[in-house]
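Working notes, beginning with the structure itself.
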2 protein chains.
Amino acid sequence: MDQVAAAAGVSRATVSRVINNAASVAPGIRDAVQRAITQTGYVPNVAARSLVTRRSNSVALVISEPDRPDDHSFLNRIFTDPYFGRVTAGATGALRPHDVHLVVVPTDSADHHQVVRYLRQGHVDGVLLISSSEHDPLPAQVHALGIPAVLSARPSGPLPVSYVDVDQRLGARLAAEHLLTRGCGRLATISGPLDIPAGAERLDGFRAAAGTTVPTEIGDFTRVGGEAAAHRLLDEHPDLDGLFVASDLMAEGALRALQDRGRRVPDDVAVVGFDDSSAALECRPPLTTVRQPVEEMAAEMAQLLIAHIDTPGRSPRSVIFQPTLVRRESA
Amino acid sequence: MDQVAAAAGVSRATVSRVINNAASVAPGIRDAVQRAITQTGYVPNVAARSLVTRRSNSVALVISEPDRPDDHSFLNRIFTDPYFGRVTAGATGALRPHDVHLVVVPTDSADHHQVVRYLRQGHVDGVLLISSSEHDPLPAQVHALGIPAVLSARPSGPLPVSYVDVDQRLGARLAAEHLLTRGCGRLATISGPLDIPAGAERLDGFRAAAGTTVPTEIGDFTRVGGEAAAHRLLDEHPDLDGLFVASDLMAEGALRALQDRGRRVPDDVAVVGFDDSSAALECRPPLTTVRQPVEEMAAEMAQLLIAHIDTPGRSPRSVIFQPTLVRRESA
DNA sequence: TTGTAAGCGTTATCAC
DNA sequence: GTGATAACGCTTACAA
């Protein structure tokens with residue numbers, strides 16, 4: 001920086017002003033400095049800068065998952081899950097224009113304290129927190145840290161924190177109504193884990209529209225979980241003709257189970273998924289599903305976070321997206 | 001930090017020593033400082049630290065993709081591709097014990113300079129560079145920067161840089177031999193783009209074992225691309241009975257095409273994929289495929305990078321993994 | 001509009 | 001073994 005200042009014949013302060021294009025710099029000087037910068041190939045040192053500005057220009061994407069027993073491939077599951085992929089894509093895209101970078105921090109409860117320490121150290125200016133479990137203490141911990149944060153769903157306790165969510169119940173109702181309209185008379189559903197709000201709410205919404213007694217099996221939001229749940233459902237209720245599965249991934253598994261048992265979809269059993277992830281298109285037949293605009297939601301989270309970072313006292317708010325039904329061939 | 005020093009009745013220097021557990025500190029003092037630290041809830045400021053140590057304790061995972069025309073969802077494709085997911089998982093896992101974090105930086109050629117600027121600013125200590133295209137200038141640019149880097153494949157030019165790769169030709173040969181052994185007499189293949197070394201090498205290896213005249217269609221490593229290529233192949237060679245597809249994703253598409261045309265797999269046509277990604281298990285029938293230990297490879301990349309960061313002059317080396325054939329039902 | 005100078009919170013080099 | 005003290009490279013009052 002001193003080099004640049006010397007080359008341009010000005011002080012370091014002025015160079016700094018040019019770099020941060022501060023209001024008052026004489027056009028002539030500004031050009032001279034710019035030239036000097038390109039000439040010397042000067043690049044500001046971010047550590048020095050953030051030491052004084054207290055900004056790192058990066059945010060963390062914390063993906064917090066509860067420990068599930070027999071889960072030896074936590075990282076793998078996270079990073080190959082299309083849902084998280086869409087979140088990452090949406091957030092990255094929204095952050096890029098602000099020149100803010102994303103640090104991806106997966107965590108299970110075993111190393112929550114590591115994450116907290118990381119955040120406290122000031123590595124990042126804020127947190128995008130993806131937490132599904134209702135009992136996850138991390139949202140509260142992060143909030144207690146006082147670091148700007150945005151959640152991917154309504155916090156389970158009353159936490160004054162911004163969040164983005166989709167109207168889960170409405171989505172489930174859309175699915176129920178579609179199956180009903182289609183003429184299905186014996187509905188059933190495969191839900192997500194009930195300790196995950198999204199799981200419970202979708203089941204709730206479906207039952208509100210389809211009847212509180214619809215046969216239900218609980219899945220785990222994975223493909224194989226969906227397949228197993230479908231088999232259990234078919235064992236108990238071989239005559240079902242309409243199935244709502246609370247995620248596309250599970251629906252893909254369910255489709256497999258149905259096929260294995262010789263049920264034609266949608267002729268014998270109509271199936272509706274949830275998410276509209278890429279999995280929905282990979283299914284045979286392509287899945288009718290409740291679309292959740294995940295990328296847009298993640299982008300909104302990023303926007304909110306930036307806003308919170310830029311204006312510290314900003315009051316938290318929630319943005320709820322409306323799901324829509326995407327009709328394809330499975331129902 | 002001054003607080004801690006005061007509370008422990010020592011100097012800041014000693015506190016620093018305790019934190020970085022330097023050799024010489026009297027046990028008594030050390031404990032006192034530790035107590036003071038927990039008491040005051042002190043957390044070191046990373047910016048200040050990296051300003052002097054010139055280390056950020058984070059590395060970038062740069063995913064460089066060539067621009068493909070009509071590609072409006074670059075980010076989405078990247079982040080939902082199971083291959084990149086596995087890479088991220090493997091790298092994250094290997095970095096974690098070193099307390100090094102991962103900044104994910106996707107880039108197409110439009111913003112290479114942004115990436116270069118980012119790297120020059122010293123945000124990260126090193127780069128894990130995933131670059132598939134042969135003509136990608138980024139590896140050379142990164143190398144010119146002098147920042148530690150590890151590539152995910154042999155650089156196209158002679159660049160003194162460490163890289164990790166799988167023996168692509170061997171993998172393709174494994175596939176060919178399996179099909180041949182199985183008794184297939186009319187082989188064909190769907191390759192990846194030939195400007196991507198992995199694409200060219202797999203084709204090469206397959207032809208070396210199966211004959212240089214095997215019918216070939218070029219895909220683009222996507223599901224739909226594989227499906228289209230399979231249709232073209234079947235149009236031209238309706239009698240083929242053995243198919244090597246250069247990625248599982250494309251194989252999934254090919255399986256679909258075969259099904260649509262009433263070909264049974266593996267009875268009418270045996271299919272072998274490449275990668276052993278999660279897609280291989282989602283296929284119907286499950287895919288026989290050439291396994292690439294992507295997570296391990298990514299972990300190795302991370303290890304190499306850490307080594308290069310820790311010992312600056314370290315000479316570059318390459319680590320080549322052996323692929324293996326995973327037999328499932330499609331061949 | 002520009003320059004001077006005082007930090008920002010660490011680590012590292014010395015003496016002691 | 002421990003404590004001053006000088007960097008590290010930048011931003012930002014405050015003065016001019």
Side-chain angles (χ1 to χ4, degrees), chain A residues 1-37 40-58 99 117-125 147 309-310 312, chain B residues 1-37 40-58 99 117-125 147 309-310 312:
Chain A
M1 183 159 172
D2 278 312
Q3 279 189 43
V4 179
V10 297
S11 71
R12 295 189 349 237
T14 302
V15 174
S16 176
R17 290 191 187 99
V18 171
I19 289 167
N20 303 289
N21 45 45
S24 55
V25 267
I29 302 268
R30 154 160 282 139
D31 291 355
V33 174
Q34 292 286 19
R35 259 197 310 279
I37 287 177
T40 58
Y42 165 77
V43 175
N45 173 310
V46 289
R49 173 177 290 175
S50 28
L51 179 56
V52 42
T53 60
R54 332 208 111 245
R55 286 283 230 102
S56 66
N57 277 315
S58 56
D99 238 291
R117 194 171 51 98
Y118 180 76
L119 299 178
R120 289 190 52 188
Q121 287 189 136
H123 271 110
V124 294
D125 300 328
I147 175 175
I309 292 170
D310 286 342
Chain B
M1 184 162 171
D2 278 313
Q3 278 189 45
V4 178
V10 297
S11 72
R12 289 181 2 227
T14 301
V15 176
S16 177
R17 290 194 187 96
V18 172
I19 289 168
N20 303 290
N21 44 47
S24 55
V25 269
I29 301 268
R30 156 161 281 140
D31 291 356
V33 173
Q34 291 287 18
R35 260 197 309 280
I37 287 178
T40 58
Y42 165 76
V43 175
N45 174 312
V46 288
R49 173 179 290 175
S50 28
L51 178 57
V52 42
T53 60
R54 331 208 112 244
R55 287 284 231 99
S56 66
N57 277 314
S58 56
D99 238 294
R117 193 170 52 97
Y118 180 77
L119 298 177
R120 289 191 52 189
Q121 288 189 133
H123 272 110
V124 293
D125 300 329
I147 173 174
I309 292 170
D310 286 342

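Predicted model, so just to flag it, every value in this text is computed and none were measured. Below, chain A is the first sequence line, B the second, and so on; all start at residue 1.
- The stretch residues 42-54 of chain B touches DNA chain D through B:Leu51, B:Val52, B:Arg54, each having a heavy atom within less than 4.0 Å of the strand.
- Residues A:Ala48 and A:Asn45 share a closest heavy-atom pair of N-OD1, 2.9 Å.
- Taking the side-chain hydrogen bond (donor to acceptor under 3.5 Å, both in side chains) definition, one finds that B:Ser50 meets it with nothing, sequence neighbours left out.
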Acceptor/donor pairs from residues 7-17 of chain A side chains to any protein atom, 3.5 angstrom cut, sequence neighbours excluded:
unit_1  : atom_1 : unit_2  : atom_2 : d
A:Ser11 : OG     : A:Ala13 : N      : 3.4
A:Ser11 : OG     : A:Thr14 : N      : 3.4
A:Ser11 : OG     : A:Thr14 : OG1    : 3.4
A:Ser16 : OG     : A:Asn20 : ND2    : 3.4

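- Residues in residues 42-54 of chain A take part in no salt bridge (Lys or Arg N to Asp or Glu O under 4.0 Å) pair, two or more places apart or across chains.
- OP1 or OP2 of C:dG3 lies within a sub-4.0 Å distance of a side-chain N or O belonging to A:Thr14.
- Residues B:Tyr118 and B:Val124 are in side-chain contact: their nearest non-hydrogen atoms beyond the backbone lie under 4.5 Å apart.
- Qualifying side-chain hydrogen bond (donor to acceptor under 3.5 Å, both in side chains) partners for A:Asp125, counting only residues two or more places apart in sequence or in other chains: A:Ser56.
- Counted within 6.0 Å of CD on B:Gln34, heavy atoms from surrounding residues, nucleotides or ligands total more than 12; the atom is thus considered enclosed.
- The heavy-atom pair separating A:Ile19 from A:Pro44 by the smallest distance is CG2-CG, 4.4 Å.
- A search for side-chain hydrogen bond (donor to acceptor under 3.5 Å, both in side chains) contacts involving B:Arg55 returns B:Asp310, not counting sequence neighbours.
- Under the rule for a side-chain hydrogen bond (donor to acceptor under 3.5 Å, both in side chains), A:Asn57 has no partner lying at least two apart in sequence or in another chain.
- The distance from atom CD1 of B:Ile19 to atom P of C:dT10 is 7 Å, rounded to the nearest whole Å.
- Scored by the side chain to side chain contact (heavy atoms under 4.5 Å, CB included) test, A:Val43 finds B:Arg120, B:Gln121 as partners (sequence neighbours excluded).
- Remark: B:Met1 CE to B:Ile37 CD1 distance equals 8.5 Å, nearest 0.5 Å.
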I'd like a list of close polar pairs between nucleotides 13-15 of chain C and the protein, N/O only, cut-off under 3.5 Å.
none

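- Annotated stems with DNA chain D as a participant read C:1-16 with D:1-16, given as range with range, by first number; only runs of 3 or more Watson-Crick or G-U pairs under 3.5 Å qualify.
- In the region residues 27-37 of chain A, proximity to DNA chain C at under 4.0 angstrom, judged on heavy atoms, holds for A:Ile29.
- As judged by a 4.0 angstrom heavy-atom cut-off over every strand, A:Asp2 is placed among residues making no nucleic acid contact.
- Once you apply a 4.0 Å limit to the heavy atoms of chain A, the touched nucleotides of DNA chain D run 5' to 3' over D:dG9 to D:dA13.
- B:Leu51 contributes atom CG, which lies 6.0 Å from atom CG of A:Leu51 (distance to the nearest 0.5 angstrom).
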